[in-house]
S.K.: 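I am attaching a structure below and will ask some questions about it afterwards.
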Amino acid sequence: MELHRKLKILSDAAKYDVSCSSSGSKRKNTPGGMGNASQAGICHSWTEDGRCVSLLKILYSNACIYDCVYCTNRRSKDRERATFTPREVVELTLNFYKRNYIEGLFLSSGVLKNPDYTMEQMIEVVKKLRETNFNGYIHLKGIPGADPFLVHKAGEYVDRMSVNIEFPSEKSLLLLAPQKERRGILQPMNLLERGIRENREEHRSLSQKRFFLPAGQSTQLIVGASPENDRTIIRLTEGLYHKYQLKRVYYSAYIPTEEHSLLPSIQSKPPLLREHRLYQADWLLRFYGFKAEELLGESNPNFDLNLDPKCFWALQNFERFPMEINLVSYDVLLRIPGIGVRSAMKILRARKIKKLSFEDLKKMGVVLKRAKYFILCNGKYHGGVSLYPDNVRAQLLGFNKNQGVQLSIFDQQHQRILKEEEKSKVMGGF
Amino acid sequence: MEVLIYDGSFEGFLSTVYECYYKKYYPLEILRREPAIRNFIYSYQKIATSEQKSQKVYDAIKIKLGSDFLKKCYMAHLAEIQTENVKIYEFIRMGFSQGRIITEDLTHPIVMTVEDLRKKVTREQHRLLGLTRFSILDDETLFSVIEPKYDVLSLIAPHFSERLLTERWVIYDKKRKTAVFGQDENWIRKEITGDPEVVFHSQEEEYRKLWRAFHRSLAIEERRNPKLQKQLMPKYYWKYLTEKSSPPEDGENTALQ
């Protein structure tokens, strides 16, 4: 089969893996070598669906022996199969890299013959690449069920590894991916975590530096194919960050490709908004000091799709607001809806010079669309609605379109009726 | 009411700052080149670039205000926006009179302008680290053409120099008729006249086709969102992108002419 055809099949098969990040590695170029890693990561292009392209993301093979019902590459599905040779992958990577198309390689694979064999083939590829003095970024998938020794060996060549957890509970995993075991996923994760920790210790004491997954490990799980709620997912994520020291957890909205009794119907739309909310919550866990338990309690196990998780949290903890922008600490600033890490830093800096007014915040480019309902500037409130969670909620949901129109005494009555209607629509349940 | 004219280089700009201090100019504008029409109510002064004077200002900023402050001025100057040059000058003046703390005054119009220019340049610099595309020529040189909005060529050169240690490479800024040439850990910047003529390597077209095929097959139909694509990768840059410069979807066997 010609290379062109193979690349088409095996990139098409890999595209549902969402991870594309090329950040977090400190790998430097070596004398006579080619490439290095960029700490912040670099996006090289964007596809028509608006996702960034950073790595040459391909499967080594899609001839998988497993039959996981949700997967487009499962054995029982009728589709064209292809397998690269290590040499082909090396040539492609080097040639794309030289032309600055990519930041490096992302290599995954279906299970070819057995997990160990597949892992060996993949190690062959990355070993060859490093032997040609290639120092670009490499992300390698760990194959579930492969010998832990092999998984560990792979870690010596690459920048990041990931073993996909696939489903948020063991029950779903058993049901939808019967040949994969929970143990086969968690064991390599554990091992990699230990490897990374040992490597870090070594870096402290030895002058001879050897790399072991400088960009850590990540994982991915599918959202919407199984019945778990957001709370289960977020708690699992938190555990993965704390216990396994993962760098990232990726969520992938399930895109139905075939009818199956265990899966959502083929007509159902992929839950993209839910995926988005989960990513937002994930950010809150990693950079904003939130705990999973704070975000979703037992009584409300799912996010409101219409509100971002921070607004959702703020409305439930309304007694903490409004907050005086000139007084509260960085950690507390971060809890205000609409204020992110960058805005919070800017506020801290500008506060050194003077007390900030609402206008100042605007000038500095702090987004106030949501924040204005939750802050005081020099003791003044600029939200424009009385401070009840229900009012603020209605505003956040976008029922403020009549604002900014010049009022006349004739249509006030009309507007009042409209507002009542809108309110009853929103608050219908209460 | 002076309008000062310098040669467009950062050294020229710093020389202008020097002259402002010592000849007590209060410039209304600081122009990179002679304007098309001179306005007769202003007096125009041409400032000669002097290595000595610019070095003095350079050192003074570095010592008194710190290298971060200096870098801010340098980056903002690379935006090459004529009308804003005088703001960078005022920014330096403010710094000398009030100290480096002024960089924190994010609501001050002059600080805001400089910060904004710096941000624009930094953003484009980072963007081009990804969007620069090399072609391999028949003598194995890596060759790239770019047309950045701001003068980021010297900012991106060190990145490629470190990355492409063993290669010979050229990045040509078509808009500014300037190129950087890199080889063996070093690079130099040179102005050139006329677009260089190049002959591509015999394998070049093959890899372009492979890249396009890869790029196309990556998009997930159910998530199609061209608006987001354009937002993240503005159409301005598509001209030199291998994956965007070909007529879309005319069969994979059609060679690009």
Side-chain angles (χ1 to χ4, degrees), chain A residues 3-4 7-9 11-12 14-16 28-36 38 40 42-54 56-58 92 95-96 98-103 133 135-136 253 255 269-270 272 346-347 349-354 356-357 359-361 363-365, chain B residues 101-109 111-112 115-116 126-127 129-136 142 144 159-160 162-167 169 185 203-204 206-211 213-233 241-244 252-253:
Chain A
L3 188 59
H4 199 280
L7 179 63
K8 254 194 140 155
I9 296 170
S11 59
D12 185 75
K15 70 184 173 190
Y16 294 102
K28 294 259 183 318
N29 206 347
T30 48
M34 148 86 68
N36 56 15
S38 151
I42 296 173
C43 296
H44 285 254
S45 187
W46 281 265
T47 56
E48 293 233 313
D49 52 20
R51 294 187 308 159
C52 110
V53 183
S54 178
L56 170 62
K57 195 192 290 177
I58 45 175
L92 264 179
N95 272 293
F96 277 12
K98 255 192 213 174
R99 289 169 173 83
N100 205 35
Y101 295 163
I102 52 167
E103 202 52 24
N133 276 328
N135 293 306
I255 298 168
K269 287 245 157 58
L272 294 177
K346 271 196 213 164
I347 291 171
R349 283 171 62 192
R351 259 181 4 191
K352 288 187 204 160
I353 305 283
K354 63 174 180 187
L356 299 173
S357 68
E359 291 305 312
D360 288 335
L361 292 182
K363 270 197 230 159
M364 283 157 51
Chain B
I101 187 80
I102 60 144
T103 53
E104 313 283 281
D105 194 355
L106 298 173
T107 59
H108 193 289
V111 180
M112 271 166 61
E115 192 60 31
D116 185 47
H126 185 75
R127 196 169 252 163
L129 294 185
L131 296 183
T132 300
R133 296 278 176 272
F134 287 103
S135 302
I136 298 188
L142 299 175
S144 165
H159 169 85
F160 290 109
E162 203 189 323
R163 190 164 270 203
L164 305 169
L165 270 186
T166 52
E167 307 288 324
W169 55 274
E185 300 178 48
Q203 276 191 338
E204 180 57 22
E206 180 56 26
Y207 277 104
R208 286 189 191 176
K209 265 198 252 169
L210 284 167
W211 170 243
F214 170 71
H215 195 270
R216 263 207 291 275
S217 75
L218 266 193
I220 296 178
E221 192 47 42
E222 288 85 345
R223 285 171 177 264
R224 227 180 98 81
N225 191 348
K227 205 175 136 197
L228 184 62
Q229 183 193 26
K230 274 177 210 144
Q231 186 189 325
L232 295 164
M233 184 170 73
L241 290 181
T242 318
E243 61 272 29
K244 283 290 172 195
E252 55 202 62
N253 297 322

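Lettering of chains follows the sequences in order, A, B, ..., and the numbering in each one begins at 1.
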S.K.: Return the set of residues passing side chain to side chain donor-acceptor pair (under 3.5 Å) with A/Arg351 (not counting sequence neighbours), or none when no residue passes.
M.R.: none
S.K.: Is chain A contacted by the side chain of B/Leu165, its backbone, both, or neither, given a heavy-atom distance below 4.5 Å?
M.R.: both
S.K.: If we define contacts as heavy-atom pairs under 4.5 Å, which of B/Leu164, B/Leu131, B/Thr132, B/Leu142 has the most with chain A?
M.R.: B/Thr132
S.K.: Look at A/Ser45, A/Cys43, A/Gly35, A/Gly32 and state which one has the largest set of heavy-atom pairs under 4.5 Å with chain B.
M.R.: A/Ser45
S.K.: Heavy-atom distances under 4.5 Å only: say whether B/Met233 touches chain A with side chain, backbone, both or neither.
M.R.: both
S.K.: What distance do B/Asn225 atom CG and A/Trp46 atom CH2 have between them, rounded to the nearest 0.5 Å?
M.R.: 14.0 Å
S.K.: Taking C-beta and beyond as the side chain, do B/Phe214 and A/Leu92 meet within less than 4.5 Å on heavy atoms?
M.R.: no
S.K.: Given that the side chain runs from C-beta out, which part of B/Glu167 has a heavy atom under 4.5 Å from chain A: side chain, backbone, both or neither?
M.R.: side chain
S.K.: Any side-chain to backbone donor/acceptor pair from A/Glu48 onto B/Arg224? Under 3.5 Å, distance only.
M.R.: no
S.K.: Which one of B/Thr103, B/Ile102, B/Asp105 satisfies the side chain to side chain contact (heavy atoms under 4.5 Å, CB included) criterion with A/Ile353?
M.R.: B/Asp105
S.K.: Got a sec, which residues hit side chain to side chain donor-acceptor pair (under 3.5 Å) with A/Lys98, two or more places apart in sequence or on another chain?
M.R.: none
S.K.: Do the non-hydrogen side-chain atoms of A/Ile255 and B/Arg223 ever get within less than 4.5 Å of each other?
M.R.: yes
S.K.: Counting only heavy atoms closer than 4.5 Å, note whether A/Lys352 contacts chain B via side chain, backbone, both or neither.
M.R.: side chain
S.K.: Could you tell me the separation between the NE2 atom of B/His215 and the CD1 atom of A/Ile102, rounded to the nearest 0.5 Å?
M.R.: 12.5 Å
S.K.: Do the side chains of A/Leu3 and B/Glu206 get nearer than 4.5 Å, heavy atoms only?
M.R.: no
S.K.: Is it true that A/Asn100 and B/Arg133 share a donor-acceptor pair across their side chains at a distance under 3.5 Å?
M.R.: no
S.K.: Against chain B, work out which of A/Asp360, A/Thr30, A/Asn133 has the most heavy-atom pairs shorter than 4.5 Å and name it.
M.R.: A/Asp360
S.K.: In the structure I gave you, are the side-chain heavy atoms of B/Glu204 and A/Arg99 within less than 4.5 Å of one another anywhere?
M.R.: yes
S.K.: Are any of the side-chain heavy atoms of A/His4 and B/Leu210 separated by less than 4.5 Å?
M.R.: yes
S.K.: Using a cut-off of under 4.5 Å on heavy-atom pairs, state which of B/Ile220, B/Asp116, B/Leu228, B/Ile136 scores highest against chain A.
M.R.: B/Ile220
S.K.: Report yes or no: does A/Asn29 contribute a side-chain atom to a donor-acceptor pair with the main-chain N or O of B/Arg163 at less than 3.5 Å?
M.R.: yes
S.K.: Given that the side chain runs from C-beta out, which part of A/Tyr101 has a heavy atom under 4.5 Å from chain B: side chain, backbone, both or neither?
M.R.: both
S.K.: Among the options A/Ser11, A/Pro270, A/Pro31, pick out the one with the most heavy-atom pairs lying under 4.5 Å from chain B.
M.R.: A/Ser11
S.K.: Test B/Leu218 against every option in A/Asp12, A/Asp49, A/Val53 by the side chain to side chain contact (heavy atoms under 4.5 Å, CB included) rule and name the one that passes.
M.R.: A/Val53
S.K.: Which region of A/Ser54, side chain (C-beta onward) or backbone (N, CA, C, O), has a non-hydrogen atom less than 4.5 Å from a non-hydrogen atom of chain B, or is it both or neither?
M.R.: neither
S.K.: Under a 4.5 Å heavy-atom cut-off, does chain B meet the side chain of A/Ala253, its backbone, both or neither?
M.R.: both
S.K.: Identify which part of A/Lys269 has an atom lying under 4.5 Å from any heavy atom of chain B, answering side chain, backbone, both or neither.
M.R.: neither
S.K.: Tell me the closest heavy-atom pair linking B/Gly130 and A/His44, and the distance in Å.
M.R.: O-ND1, 3.2 Å
S.K.: Could you tell me whether B/Glu185 atom CD has more than 12 heavy atoms of other residues or ligands within 6.0 Å of it?
M.R.: no
S.K.: Decide yes or no for B/Trp211 and A/Asn95: does some side-chain heavy atom of the first lie under 4.5 Å from some side-chain heavy atom of the second?
M.R.: no
S.K.: Please classify the contact of A/Leu361 with chain B as side chain, backbone, both or neither, using a heavy-atom distance under 4.5 Å.
M.R.: neither
